[in-house]
Amino acid sequence: MNPQNLSAPSAYFLAEVSNEQETHTLSVVVDNEPGVLARVIGLFSGRGYNIDSLTVSETEHEKHLSRITIVTTGTPMIIEQIRHQLDRLVPVHKVTDLTVEAKIASQDKPLERELALVKVAGTGEKRLEALRLGEAFRATVIDATTEHFVFEITGRTNKVEQFISIMKPLGLTEVSRTGVAAVQRGPEGI
Amino acid sequence: MTREMTGAEMVIQALKDQGVDTIFGYPGGAVLPIYDEIIQQEGLEHILVRHEQGAGHAAEGYARSTGKPGVVLVTSGPGATNMVTALTDALLDSIPLVCITGQVPTQLIGSDAFQECDTVGITRPCTKHNWLVKDVEDLPRILHEAFYVATSGRPGPVVVDIPKDVQFATGTYQGPTVNPSATHKSYRPQLKGDAGALRQVVEMMAAAKKPVFYTGGGVINSGPEGAQLLRELVSLTGFPITSTLMGLGAYPGSGDNWLGMLGMHGTYEANMAMHDCDLMINIGARFDDRITGRIDAFAPNSRKIHIDIDPSSINKIVKVDLPIIGDVAHVLEDLVRMWRTSSAKADEAALKAWWAEIDSWRARNSLAYRPNNDVIMPQYAIQRLYELTKDRETYISTEVGQHQMWAAQFYGFDAPNRWLTSGGLGTMGYGLPAAIGAQVAHRDALCIDIAGDASILMNIQEMSTAVQFGLPVKVFILNNQYMGMVRQWQQLLHGNRLSHSYTESLPDFIKLAEAYGGVGFRVDKPGDLDGAIEQMIAVDKPVIFDCRVANLTNCFPMIPSGKAHNEMLLPDEANDEAVANAIDASGKALV
């Protein structure tokens with residue numbers, strides 16, 4: 001039992017204290033079978049949980065295992081619920097709250113990256129400015145004509161967000177983002 | 001054992017290998033190959049219902065009264081969609097069901113074919129798990145896995161959707177795995193509780209001054225051992241015990257430490273004990289909103305222990321101090337042993353004072369009602385039914401509404417698995433098919449559906465099933481001509497404007513019984529009740545018993561919506577004004 005609960009008249013009132021919204025990154029290892037993603041996102045919509053970002057791909061081909069990375073926001077009680085609700089889906093092998101794991105290891109956050117393809121169209125000074133800023137953000141040009149660039153940018157979500165917002169006045173026409181992929185720091189796997 | 005057979009043969013073989021003796025179903029185009037196997041075999045009895053929802057609830061009644069999984073076989077499209085209510089009902093009440101649905105042939109899936117629907121899509125949120133079988137070679141494994149998932153951990157309904165071409169295809173049949181709980185690749189629920197945490201439970205129980213056991217359907221689901229161990233623990237500790245609607249019978253209603261049911265229509269002493277306790281030991285219950293009342297005033301001075309097999313039940317509604325994940329019977333076995341062998345003892349002096357306080361609440365006699373010599377009071381009808389049936393092997397099912405609450409309050413359940421009711425979903429129309437399911441499993445027992453005049457009409461067609469299979473179920477209708485609970489809420493919340501809660505043209509229930517081939521009774525005088533009940537019991541046929549009761553009786557005591565356990569509306573205080581003002585504006589928004 002949590003020792004701080006011992007003296008409290010009711011733990012319920014302790015829960016009320018930490019009613020602040022937190023953002024957590026969950027890693028969910030699932031059987032790659034038909035409908036598994038529908039089960040996961042159906043759980044979120046059916047129970048009214050938030051999905052800020054969701055990424056999924058098969059990560060272990062021989063075992064047919066996929067890894068779903070979900071960024072979600074809620075009170076600590078809701079986040080705990082989400083973890084347990086996910087865990088009781090039959091094809092789910094393991095649910096890890098990477099944000100909690102990072103805290104336990106005294107780290108700020110888990111390693112999180114996303115990739116965006118950003119199309120910017122324009123000519124003249126705006127075009128040059130877009131190219132200069134792309135270099136400053138270490139974005140790679142993967143397609144270009146005299147009238148446009150497509151940048152590939154990788155990084156934390158806030159870096160990608162910042163890059164996109166800077167490109168807006170310079171002729172931003174299209175963005176495609178992967179959502180967050182995340183792992184823990186250190187040698188251990190989940 | 002392995003051998004070649006068709007998908008349809010595999011279904012029958014797998015059911016037999018899983019120990020199934022009865023299935024409830026309704027044929028249709030997409031399950032004809034399986035039905036063709038059913039008629040050519042022995043050992044598996046098929047009960048033909050009149051509506052697929054009836055098959056679902058009958059399977060639930062069978063499952064709840066036996067502890068075994070209920071099995072349903074229905075066709076594609078409407079067959080599957082008609083099952084949705086029963087599946088959801090079973091999910092909320094944790095009833096193990098295996099539902100096999102036919103599906104259009106694989107090459108037609110997605111083409112909006114005749115009687116096609118996305119069965120796995122529709123039933124995904126109302127099952128514990130479901131499968132669409134696209135290859136006959138996967139079928140035996142999935143069928144066995146379906147039984148494992150439905151019955152292990154927190155039980156629940158599963159669906160196996162089998163396209164018609166897979167039923168015709170030939171493949172290799174494999175028997176069940178010996179130990180699926182050890183070999184399943186991802187689903188392995190935890191059964192044993194953590195020993196360190198259990199030692200803390202013993203310490204907390206020894207230190208408690210005002211303890212209460214709050215038990216639920218998990219005790220029943222854990223099997224007869226769970227109920228037996230619970231009784232042992234209660235008698236060892238001397239603690240008071242209350243239960244949810246779903247847990248009635250786990251501890252005997254005639255037991256010394258029994259407080260009665262808790263919650264919205266629970267007893268005053270049960271709810272006050274919950275509110276004032278200093279240690280709440282939740283065993284297999286889930287802090288449902290019918291139980292907790294106003295959540296921020298729920299048992300404010302208590303520490304809470306929660307024993308549950310489903311980790312997602314922990315801290316879902318109420319934050320608890322000490323969670324124990326595990327199966328009730330496994331956990332209680334360890335707990336009883338630890339309590340016996342440790343030096344810990346209950347605080348006798350504190351318990352004595354606690355019981356004195358409880359007795360003062362009990363003295364309020366919160367289930368009291370005004371007897372009447374001219375009109376049958378519904379509570380009186382249940383009391384008489386109990387007195388005249390309690391010495392038999394009796395299974396009681398209910399529909400949903402006032403009659404259900406009166407049955408829970410006034411029928412004393414002394415054994416587990418004898419009480420079949422729709423608790424979580426609150427499904428009107430549950431009771432008659434559930435009684436049929438119980439009667440199929442217990443041919444010589446007395447199976448009574450305590451019904452309301454409105455609910456019974458929701459699955460009345462199953463009378464025909466009861467007659468066909470010689471199942472002498474008794475439908476005991478508390479007929480007040482209203483949807484009683486709806487009317488009560490309209491009185492409480494909506495200025496007594498009784499919008500569409502009065503049934504202007506009820507059928508003649510005697511003629512209705514006779515039309516189906518059963519027997520009908522009607523009683524409207526209290527003095528005639530006992531004799532008629534005895535006659536009903538003596539009839540070896542399905543019976544509809546039209547018990548005309550006082551029309552406008554309210555079900556009390558009651559925790560009004562948005563109120564706490566210690567703010568109950570008691571019957572002697574519930575005058576018209578108190579009833580009209582019982583629920584404030586914020587409570588009105590709640591259900």
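Only heavy atoms go into these numbers, but all of them, side chains included; no hydrogens, no water, no symmetry mates. Keep in mind the model is a prediction, meaning the values are calculated, not measured. Note on naming: letters A, B, ... go to the chains in the order of the sequence lines (proteins, then strands), and numbering restarts at 1 for each one.
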At a heavy-atom separation under 4.5 Å, does A/V92 approach chain B through its side chain, its backbone, both, or neither? backbone

With a 4.5 angstrom heavy-atom cut-off, which part of A/E80 approaches chain B: side chain, backbone, both or neither? side chain

What distance do B/S313 atom OG and A/R88 atom CZ have between them, rounded to the nearest 0.5 Å?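 If I round to the nearest 0.5 Å, the distance is 6.5 Å.
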
Working to the nearest 0.5 Å, report the span between CH2 of B/W131 and CD of A/E33.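 Going from CH2 on B/W131 over to CD on A/E33, the span is 9.0 Å.
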
For [X] against [Y], the heavy-atom pair lying closest together:
X      : Y      : value
B/R124 : A/A38  : NH1-CB, 3.2 Å
A/P91  : B/S186 : CA-OG, 3.9 Å
B/K316 : A/Q81  : CB-NE2, 3.3 Å
A/V90  : B/E145 : CG1-OE2, 4.3 Å

Would you indicate whether the side-chain heavy atoms of B/H129 and A/L89 approach each other to under 4.5 Å?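 Side-chain contact under 4.5 Å: no.
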
With A/D31 via salt bridge (Lys or Arg N to Asp or Glu O under 4.0 Å) - residues at least two apart: B/K185

NZ/A/K159: more than 12 non-hydrogen atoms of other groups inside 6.0 Å: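 Enclosed: over 12 neighbouring heavy atoms sit under 6.0 Å from NZ of A/K159.
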
Heavy-atom count check: over 12 atoms from other residues, nucleotides or ligands less than 6.0 Å from A/R138 CZ?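 Counting neighbours around CZ of A/R138, 12 or fewer heavy atoms of other residues, nucleotides or ligands fall under 6.0 Å, so no.
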
Chain A contacts: which residues in residues 147-157 of chain B have a non-hydrogen atom closer than 4.5 Å to it?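 Result: B/V149, B/R154.
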
Does any heavy atom of chain A fall under 4.5 Å from the side chain of B/P125, the backbone, both, or neither of them?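 B/P125 has no heavy atom closer than 4.5 Å to chain A.
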
Check whether B/N130 gets within reach of chain A through its side chain, its backbone, both or neither, counting any heavy atom under 4.5 Å.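 Both backbone and side chain.
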
List the steps, then state whether side chain to side chain contact (heavy atoms under 4.5 Å, CB included) holds for A/H84 with B/D310. CA-CA 9 Å; A/H84 289 309; B/D310 179 2; 5.9 Å; no

